Amino acid sequence: MPTLASALLQGLKDHGAREIFGIPGDFVLPLYKVIEESNILPHYELSHEPGVGFAADAAARYHAGLGVAVVTYGAGAFNTVNAIAGAYAERSPVVLIAGAPGARERSSGFMLHHQARTVDTQFAVLKEVTCDQAVLNDAATAPAEIARVLRSARERSLPVYIEFPRDMVAAPCEEVPVLPRTEADPDALAECADEIVARLKTAKSAAIIVDIEIRRYGVEEQVAQLARKLGLPVVTTFMGRGLMENAPDVVAGTYLSAAGDESINRLVEDADALLLLGVILSDTNFALSQRVLDPRHTMLAIDREVRIGHHVYHEMPLEALIGALIARAGTGRTRKALARGAMRYPRDLKADDTAIMPSDIAAAINDLFDKHGPMPMTADIGDCLFTAMEIENTALAAPGYYAGMGFGVPAGIGVAAATGRRPLILVGDGAFQMTGWELGNCQRYGLDPIVVLFNNCSWEMLRAFQPESAFNNLSDWHFADIAKSIGGHGERVATRRQLVEALDAAVKRRGKFSLVEVMLPRGVTSDTLARFVSGFKAAREKKA
Ligand SMILES: Cc1ncc(Cc2c([C@H](C)O)sc(CCOP(=O)(O)OP(=O)(O)O)c2C)c(N)n1
Ligand SMILES: [Mg+2]
């Protein structure tokens, strides 16, 4: 009979986990020993728990399975709260497993080390940023508890929390079952799909907007098939950038409203039928929109619900809905699918001795991808993310809605570990100061991401909104000089020629991370961020 620890690890694997990210501590040492010795799942240790959470989140996003983070009680678990909150906001199914005191310790009468207020404060805090929870204090019920929580993570595509008291690790325990999926009611599904297809076919101008859930449920290809059958263009949200990278024939571009391309704005804002698949109705996705989305013209499928006009269909899994729509789509009149080319991306950067502007970085990366093939990308929040909007639609994991800094580098490590592919990481100097040092862990796992560091010695995105504040001035940390001492290769570039050469050399350099530190002037931003800020200010003045 397995132990509770091995049953949990096997259960994670059976539910789609591919690896574990973590930092051990005395409350998880026994569990960590089983993780290392059982080899059920590969494991990667990082240096600070925020990075553990970001890496597990990005791994979940890229392999559309479960991300797993294992941390110690109290100090470790509380360090993950921001990363798990970001995973909740952006619907990434991370399983957070935290150690906890055993039964005897709990009743010892002592305050325990790592305890905050009560012994259960950790559970209370993490309950707020997870959709389901389990405390494994009874081996008889643990398999069913784990199965329920892991199904919740998969079906809701949201983080979950498992508390593992350290005296339960070796408890004999049954295997963890994989529960049957919660299906949609077939009649409700048929009625919902009929209604959507009817609205799309009678519309004068329709479009599909996609966001992160289509990746979380692994249905990007099916959405492309649906769009082709309906003859409708697909637009991604800001948060959904990089989705459907393999369907350039139907993806028109990214809707950035006032900050974006006018031809895309027209597709969305002039439509009298919009099908929103997995879309988060957030300020970063729609706040600059010239027009509030009219519920009479909008059909929104997210979080297992479909809202059409003013009525809602419940328990409607996205993958089932899209299957039902595809089955109905072929019978209607087809529209000419929007040919690619609605968006023009900067290319052919002149490799001369002029200073680099943020949008030059996008052109250099587009040229690099044309020459060497696209790379999976991660980005932090800051102008690097807005610059990413000027890079050809490539797979991207970024905190486009939650907008928490520190995500970019650990997320890149998570993608490298989870996919075996080499990521391109975009990060600003402020965000790099937070978690960039996790790059030092690449050497022990033989990971070799390429990092493009936007060094403007500034919290430039804040300066764009509030130029008068001197607190946005950061000093120059000379990051490239530090790269070597943490196992990588660093190069500082200040001209477009140096940038092109450094990127080319980085692609050819394998076996260690390459940090390309791009010096940018303060007070300058990408074209996209400049439009975003002016759009934001205009929208604010309009509301004032
Ligand atoms: C964890 C965390 N702390 C603070 C912020 C606020 C914040 C921004 C958002 C608005 O909330 S953008 C930004 C500056 C980013 O600086 P850097 O990484 O150098 O990028 P760039 O210079 O391109 O702006 C901060 C501090 C944040 N988003 N996340
Ligand atoms: Mg900066």
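Predicted, not measured: the structure shown is a model, and the values here were computed from it. Both counts, for ligands and for their atoms, begin at 1 and track the order of listing.
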field: Stepwise salt bridge (Lys or Arg N to Asp or Glu O under 4.0 Å) check, Arg215 with Glu220
entry: CA-CA 6 Å; Arg215 164 69 55 87; Glu220 292 172 78; 2.5 Å; yes
field: Atoms in ligand 1 with a heavy atom of Glu460 nearer than 4.0 Å
entry: 21 (P), 22 (O), 24 (O)
field: ring-ring contact (aromatic ring centres under 6.0 Å, His included) involving Phe479 - partner list, sequence neighbours excluded
entry: Phe432, Trp477
field: Any side-chain heavy-atom pair of Thr435 and His48 under 4.5 Å
entry: no
- prompt: Below 3.5 angstrom, do we get any N/O pair linking Gly430 and ligand 1?
  reply: yes
- line: closest protein heavy atom to atom 8 (C) of ligand 1 is Leu462 CD2, 3.9 Å
statement: Out of Gly382, Gly428, Ser458, the nearest non-hydrogen contact to atom 22 (O) of ligand 1 is supplied by Ser458
message: How far is atom 16 (O) of ligand 1 from the closest protein heavy atom, and which atom is that?
response: Trp459 CD1, 3.3 Å
task: For atom 15 (C) of ligand 1, state which one of Arg522, Met461, Met405 supplies the nearest heavy atom.
output: Met405
message: Quick check on contacts: which atoms of ligand 1 are under 4.0 angstrom from a heavy atom of Asp429?
response: 19 (O)
message: Within the 3.5 Å criterion, strictly below it, is a donor on Thr254 or Thr236 matched to an acceptor on the partner's side chain?
response: yes
- request: Classify the side-chain pair Thr237/Asp211 by whether it contains a donor and acceptor separated by less than 3.5 Å.
  value: yes
message: I want to know if ligand 1 touches Ala431 in the polar sense, i.e. an N/O pair below 3.5 angstrom.
response: yes
message: Which residue is it: Arg509, Arg510, Lys512? I am looking for the one with a salt bridge (charged side-chain N to carboxylate O under 4.0 Å, His left out) to Asp448.
response: Arg510
- prompt: Between Leu474 and ligand 1, which part of the residue brings a heavy atom under 4.0 Å of the ligand: side chain, backbone, both or neither?
  reply: neither
field: Cationic N near anionic O, under 4.0 Å, Asp504 to Lys508
entry: yes
- prompt: Between Thr284 and Ser282, is any side-chain donor less than 3.5 angstrom from a side-chain acceptor?
  reply: yes
statement: When Tyr255, Phe386, Phe286 are each screened for ring pair (Phe, Tyr, Trp, His ring centres under 6.0 Å) with Phe238, the one that passes is Phe386
- request: Would you mind checking which non-hydrogen protein atom is closest to atom 23 (O) of ligand 1, with the distance to 0.1 Å?
  value: Asp383 N, 2.8 Å
message: Glu213 vs Arg216, test: salt bridge (Lys or Arg N to Asp or Glu O under 4.0 Å). Steps then yes/no.
response: CA-CA 5 Å; Glu213 270 200 354; Arg216 304 287 185 268; over 6 Å; no
query: Is it the case that Ser458 and Arg522 place a side-chain donor and acceptor less than 3.5 Å from each other?
result: no
- line: Given a cut-off of 2.8 Å, the protein N, O or S atoms lying below it from the Mg ion (ligand 2) are Asp429 OD1, Asn456 OD1, Ser458 O
- prompt: Which protein non-hydrogen atom lies closest to atom 11 (O) of ligand 1, naming both residue and atom, and how far is it?
  reply: Ala403 O, 4.3 Å
